[in-house]
Amino acid sequence: MSRYLMFAALAASFLVSGCAIHPLPEDVTGVPTYHIVRQIRCEARAAVISSAIDGLKNYANSVSDPEIQQIAMEYKDGTRPIARFSYKDFRNPYIRSVVRLFYDTGVAYNFNLEMTENNDLGTEINLLKPFTDSALTVGISAGFNRQRQNTRAFTVTDTFGGLIRNAGDDYCNKKFMVTENYVYPITGRVGIENMVHDFINMTLFANLQGNTPGGEGPPTLVDALEFTTSISGSATPKITFAPLGSGLSVTDASVTGKLSRVDLHKVTIGLAIDKGSVPQVAPLRATLFTPLLTASGGRAEQRAAEAVNQVLTSKLFTRTIVVPR
């Protein structure tokens, strides 16, 4: 019996050591909340910068503006510090207006991190009492189940300009520009680049409206991301004893340990044009759909020119993807 008690005590101490009193993301991901937020903010910053540079390059190519092309390249290679990015860098009135419009775009990240942990411990002892013609067996079992749950909720806000200006390279170094994490997605890249790119495109080209019943107010886009990861494990060590005589004895004893953890991570990301900049949106949309290419001649030539204009306009904010060889 003393051997079993020692065995049970060791198993119980192992399971107790795995129980978190205050479940937190880093218990299983190894990444604390601060760094989860830092990664997502840095991903948003990189998305804003790449959208800006690609937009400038594509516009410069469409209208054959070498000055804008040069400025875009200087920002890309670091000759011009990206932290100083400003509409004042551009003499082109259209580009100045677009940069001013999006510079103060608001970004909000609402985090809801739920962690649930279960630690279950069960024991079973089988006793044997031999008689002359038969044997009496008695089974004894017990359980000890625990659950710990925590929900951490908070909101962080930024602006496009603030991310460019204030979240510098020291804050967003390579350590915090990680790739996708398919086990715990919220600790890796979550796809903000596509969201930023779509927001800019839909604001300028698709009449994106405000998030109100009547569509009034600043253009708004919201993505609600939800990631669930479940892990579990169990162990059932067992000891079988040889009969020690005619008295009551233990034939076997076992301990069943089950551990499970469910992490439900939600992040809702919202983008919205600054309310004071809303009057700029309609004139920019009208400007976009004026011809970038003029043509004279008959109706056939003009229709051909219009077709070219549509292609040039659609490419203004198309991302440039470079595939290394």
Side-chain angles (χ1 to χ4, degrees), residues 43-105 159-161 163-165 169 172 177 189 191-208 219 221 271 273 277 280-297 300-325:
E43 183 183 349
R45 179 179 187 265
V48 172
I49 291 173
S50 65
S51 292
I53 293 175
D54 286 347
L56 291 173
K57 290 167 61 178
N58 291 328
Y59 179 84
N61 290 335
S62 298
V63 299
S64 300
D65 190 323
E67 181 185 31
I68 295 177
Q69 181 72 28
Q70 180 63 31
I71 293 173
M73 292 304 299
E74 290 174 358
Y75 277 130
K76 188 174 182 64
D77 63 23
T79 306
R80 287 180 183 242
I82 193 64
R84 298 179 186 175
F85 184 82
S86 170
Y87 71 92
K88 296 178 181 178
D89 294 336
F90 307 98
R91 291 185 294 180
N92 183 296
Y94 168 74
I95 289 297
R96 287 174 67 95
S97 297
V98 171
V99 172
R100 291 186 68 176
L101 174 65
F102 288 106
Y103 194 81
D104 293 325
T105 292
T159 64
F160 281 6
L163 286 169
I164 294 175
R165 183 176 61 251
D169 293 336
C172 294
M177 291 305 298
R189 296 177 64 88
I192 298 179
E193 183 176 5
N194 289 333
M195 184 182 181
V196 170
H197 182 68
D198 290 343
F199 175 74
I200 294 173
N201 269 347
M202 289 194 293
T203 297
L204 294 175
F205 300 109
N207 290 329
L208 184 64
L221 180 65
L271 305 176
I273 295 293
S277 301
Q280 302 176 38
V281 176
L284 278 175
R285 288 172 176 168
T287 302
L288 277 172
F289 294 100
T290 57
L292 299 175
L293 177 70
T294 59
S296 59
E301 289 106 328
Q302 292 180 22
R303 290 290 183 270
E306 289 174 7
V308 174
N309 277 318
Q310 290 177 4
V311 173
L312 294 176
T313 301
S314 67
K315 288 184 177 181
L316 289 183
F317 287 91
T318 301
R319 286 175 296 171
T320 302
I321 301 175
V322 178
V323 180
R325 295 182 179 178

* **Pair Y103-T159, side-chain contact (heavy atoms from CB on, under 4.5 Å): steps then yes or no** => CA-CA 7 Å; Y103 194 81; T159 64; over 6 Å; no
* To do: Check the pair F160, V196 against side-chain contact (heavy atoms from CB on, under 4.5 Å), reporting the backbone distance first and the verdict last.
  => CA-CA 10 Å; F160 281 6; V196 170; 4.0 Å; yes
* Going through the checks in order, is the side-chain contact (heavy atoms from CB on, under 4.5 Å) test met by L271 and F102? -> CA-CA 10 Å; L271 305 176; F102 288 106; over 6 Å; no
* To do: For the pair F199 and N194, evaluate side-chain contact (heavy atoms from CB on, under 4.5 Å) and give the outcome as yes or no after the intermediate values.
  => CA-CA 8 Å; F199 175 74; N194 289 333; over 6 Å; no
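In this structure, CD1 on I273 lies 4.0 Å from CG on L101, to the nearest 0.5 angstrom. Note that the CZ atom of F205 and the CD1 atom of I200 stand 10.0 Å from one another [nearest 0.5 Å]. We find the CD-CD1 distance between E193 and I49 to be 11.5 Å, quoted to the nearest 0.5 Å. Within the model, atoms OG1 of T105 and CG of L221 stand 11.0 Å from one another, a figure rounded to the nearest 0.5 Å. Note that the CD1 atom of I164 and the CZ atom of R84 stand 14.5 Å from one another [nearest 0.5 Å]. Considering CD of E67 and CD of Q70, their distance stands at 9.5 Å, rounded to 0.5 Å.
Taking 4.5 Å as the limit, every side-chain heavy atom of D65 sits out of range of all side-chain heavy atoms of Q69. Between K57 and M73 there is a side-chain heavy-atom pair separated by less than 4.5 Å.
Looking at R45, its side chain does come within 3.5 Å of a backbone N or O of L163 through a donor-acceptor pair. In this structure, S51 contributes its side chain and V48 its backbone to no donor-acceptor pair below 3.5 Å. Between the side chain of E43 and the backbone N or O of I192, at least one donor-acceptor pair lies under 3.5 Å.
Listed here is the closest heavy atom pair of S64 and P66: O-CD, 3.3 Å. Taking both residues in full, the closest heavy atoms of L56 and A72 are given as CB-CB, 3.8 Å, listed atom of the first, atom of the second, then distance.
Residues F85 and Y75 place their aromatic rings such that the two centres sit under 6.0 Å apart.
Taking the ring axis of Y87 as reference, the NZ or CZ atom of R100 stays within 45° of it and closer than 6.0 Å to the ring centre.
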